[in-house]
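Chain A is the first sequence line, chain B the second, and so forth, proteins listed ahead of strands; every chain is numbered from 1.
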Amino acid sequence: MSQLKLTNTLGGNVEPFEPLEEGHVRMYTCGLTVYNRGHIGNFRTYVSQDVLRRYLKYKGYRVTQVTNFTDVDDKTIAGARKAGIPLREYTQQYIDNFFEDCAALNIEKSEYYPRATDQEYLDAMVALVQKLEERGHTYESDGSIYFKVDSFPDYGKLSRIDVAGMKAGVRVDADEYTKENARDFVLWKAPKDGEDSWDTAIGPGRPGWHLECSAMGMKILGETFDLHAGGVDLVFPHHENEIAQSEGATGKPFVRHWMHTEFLIVEGEKMSKSKGNQFNVPDLIAENYSPMAIRYLLLSVYYRQQLNFTREGLEQAATAIRRVDDFLDRLGEVTREGDAFPETAQAVKAAVERFETALDDDLNTSAALAALFDLVKGGNTALSSSTMTKGDAEGFKGAVERMNTVFGVFGQGKKMTLDDEVEKLIQERKEARARRDFARADEIRDELDARGIVLEDTPTGTRWKQK
RNA sequence: GGCGGCGUAGCCAAGUGGCUAAGGCGGAGGUCUGCAAAACCUCUAUUCGGCGGUUCGAAUCCGCCCGCCGCCUCCA
């Protein structure tokens, strides 16, 4: 199998992806700040990470993935206070929501889901700050501990931000903490009255946003790990600061490969609360869109390209899924005995190779889907000319299922079981058609349609499916 | 102001120097069907935002212009 290549934000080039430890990938996905239910934009990143994770497994790698929760920051603290409940309890509901939405979107579980306020990770953060103190990267001001950006010469290497070109004097420190340099960032925040804080060896307070990912990532995955991902907006300052903290403390490379997913826009406009277009998964399900259509739409566009998320797109996605699902159903109905034709084996092999070539090329999911649809087309042609044998059907089915271990979007519709009454109606319609009573036959078909059951008459009998 | 991305058919979207510009959705016609549905067949971009340039050759490289978006402040 050929080599997976991924764009590395660090350097900006498409590079071969090779894990540090042979056959084992250690990856970290920046997760949600849990003050709210994650929206569809958040989930684009998680779906793209899921595709990566699944493809790595497809290629035979063992994957250890960490997805964190930021459960302490200004917004979570404010939300918990407003709700009048403890922080942990407040954030837990959004963590639960996250898992519900991941399940709906068929996103595989990560191996670790650390929370910033877990004691073991707070300890790791404190230890990290102490290490940075020893190495002279910090200073204290008003009880807070800051990272001194000037002490880390590589600062800016990820985002390629030209420090001199930054708009000077515009930055306002929202937290009203005092910094020596506007670019310095807080590692440990001094306690403010009423806010959650922890008594630690570096003083009382709470972790700064950037600190947690460095500490949790290195604690679970090691001081240098393979891949770190998130949305493009995290490149600066979040990931830049993570590099400074981590490499400042260890003197070793923190992450070998940085991967960032582009934003999505909604109906041609950027997503924002004020526009009311910040959809989340349950909103869309409530509008009767299937979770698989959402997943399909999110993964059908190359992850480094902005994606225009529209209702029309969801409908198109649902139709595209149905095409593949119907194909799988029809393959199951092939009755002709026999082994696969060499042409079939050839076509299947070529499609799988095309699929792999596409994904190896920086996860080009659009091209990978095209390979799948071409295979479906070929299979349908064989089906319609009744030349397909059971062996052929197995070949096609195997290939689609293999590709679907990565897409995770086909064959997910639950086939409902027919109740007795429905079965009786189908039988009655069969008899009506036999005596050419088409008025009654159509009446039954309409009635079942109203119940969400679609009938299709084929030469071998009537097939039904859920609408 | 600094940095970066994008603009391909009615819609979504691959392709980044050279075979007939993938694929999906939609549309038109046809086959099949009692009629449908599904599926299949044919058609649906002589052209890739615009204008110049480089080249034997450009959607692909360069310049300028127009439009959209992102980062520089919390943000997937």
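The closest donor-acceptor contact from the side chain of A:Asn13 to the backbone of A:Glu15 lies at 3.5 Å or more, if one exists at all. A:Glu240 contributes a side-chain N or O that, together with a main-chain N or O of A:Ser159, makes up a donor-acceptor pair within less than 3.5 Å. Remark: the backbone N or O of A:Arg115 is not paired with any side-chain donor or acceptor of A:Asp71 at under 3.5 angstrom.
Considering only side-chain atoms of A:Tyr296, the nucleotide from B:G24, B:C25, B:A22 that sits closest is B:G24. The side chain of A:Thr45 sits closest to B:A76 out of B:C72, B:A76, B:G23. When the nucleotides B:C72, B:G26, B:A76 are ranked by their closest atom to the side chain of A:Pro237, B:C72 comes out on top.
In this structure, A:Phe43 and A:Phe98 have parallel ring planes: the angle between them is below the 30° cut-off, well short of the 60° mark. A:Phe185 and A:Phe147 have parallel rings, their planes meeting at less than 30° on a 0 to 90° scale where 60° marks the start of perpendicular.
Protein atom CG of A:Leu369 is 11 Å distant from nucleotide atom P of B:C25, rounded to whole Å. Rounded to an integer number of Å, the gap from CZ of A:Phe98 to P of B:A76 is 11 Å. One atom, NE2 of A:His239, and another, P of B:G4, lie 21 Å apart when rounded to the nearest Å. A straight line from CG of A:Asn97 to C1' of B:A76 spans 17 Å, rounded to a whole angstrom. For the pair A:Phe355 CZ and B:G23 P, the computed distance is 18 Å after rounding to whole Å. Rounded to whole angstrom, the span from the CG atom of A:Leu234 across to the P atom of B:U73 amounts to 14 Å. Between A:Leu158 atom CG and B:C3 atom P the separation is 18 Å, expressed in whole Å. In this structure, CG of A:Asp101 is placed 14 Å from C1' of B:A76, rounded to the nearest angstrom.
A donor-acceptor pair shorter than 3.5 Å cannot be found between the side chains of A:Asn280 and A:Arg37. Residues A:Glu356 and A:Tyr58 bring a donor and an acceptor atom of their side chains to less than 3.5 Å of each other.
Comparing the P positions of B:C74 and B:C65 gives an interatomic distance of 33 Å, to the nearest angstrom. B:G57 and B:C40 have their P atoms separated by 42 Å, with the value rounded to a whole Å. Remark: the separation of the P atoms in B:G49 and B:G29 is 32 Å, to the nearest Å. With both ends at atom C1', the span from B:C51 to B:C56 equals 23 Å, rounded to whole Å. Spacing between B:A9 and B:G27 at atom C1', rounded to whole Å, works out to 12 Å. Across B:G18 and B:U73, the matching P atoms stand 41 Å from one another, rounded to whole Å. Comparing B:C71 with B:A59, their C1' atoms sit 28 Å apart, to the nearest whole Å. Nucleotides B:C69 and B:A22, compared at atom P, are 31 Å apart to the nearest Å.
In the region residues 257-265 of chain A, proximity to RNA chain B at under 4.0 angstrom, judged on heavy atoms, holds for A:Glu262, A:Phe263, A:Leu264.
By the side-chain contact (heavy atoms from CB on, under 4.5 Å) test, A:Ala393 is found to be paired with A:Leu331, A:Val334, A:Met388, residues two or more places apart in sequence or in another chain being considered. Not a single side-chain hydrogen bond (donor to acceptor under 3.5 Å, both in side chains) links A:Tyr46 to another residue, sequence neighbours left out. Judged as a side-chain hydrogen bond (donor to acceptor under 3.5 Å, both in side chains), and not counting sequence neighbours, the contacts of A:His39 are A:Asn42. For A:Arg436, the salt bridge (Lys or Arg N to Asp or Glu O under 4.0 Å) test picks out no residue, with sequence neighbours left out. Considering only residues two or more places apart in sequence or on other chains, A:Thr310 meets the side-chain hydrogen bond (donor to acceptor under 3.5 Å, both in side chains) condition with none of them.
Pairs engaging residues 362-371 of chain A under the salt bridge (Lys or Arg N to Asp or Glu O under 4.0 Å) rule: none recorded [sequence neighbours left out]. For the salt bridge (Lys or Arg N to Asp or Glu O under 4.0 Å) condition, the pairs that include at least one residue of residues 385-396 of chain A, sequence neighbours left out, are A:Glu337-A:Lys390.
Stem regions for RNA chain B, each three or more consecutive Watson-Crick or G-U pairs with both distances under 3.5 Å and listed by first number, read B:1-7 with B:66-72, B:10-12 with B:23-25, B:26-31 with B:39-44, B:49-53 with B:61-65.
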Quick one: side chains of residues 258-265 of chain A, donor-acceptor pairs under 3.5 Å with protein atoms, not counting sequence neighbours, listed by atom name and distance.
unit_1   : atom_1 : unit_2   : atom_2 : d
A:His260 : ND1    : A:Thr9   : OG1    : 2.7
A:His260 : NE2    : A:His239 : ND1    : 2.8
A:Thr261 : OG1    : A:Ser48  : OG     : 2.8

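In this structure, A:Gly31 and A:Ala368 both approach RNA chain B, and ranking their closest nucleotides by distance from the 5' end singles out A:Ala368.
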Sequence-aligned protein contact record of nucleotides 33-42 of chain B, with B where the base is within under 4.0 Å of a protein heavy atom and S where only the sugar-phosphate is: -BBBBSSSS-
Base-contact (B) and sugar-phosphate-only (S) positions in nucleotides 11-16 of chain B, heavy-atom cut-off under 4.0 Å, - elsewhere: BSSSS-
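Backbone-only contact: A:Arg354 has heavy atoms under 4.0 Å from sugar-phosphate atoms and none from a base.
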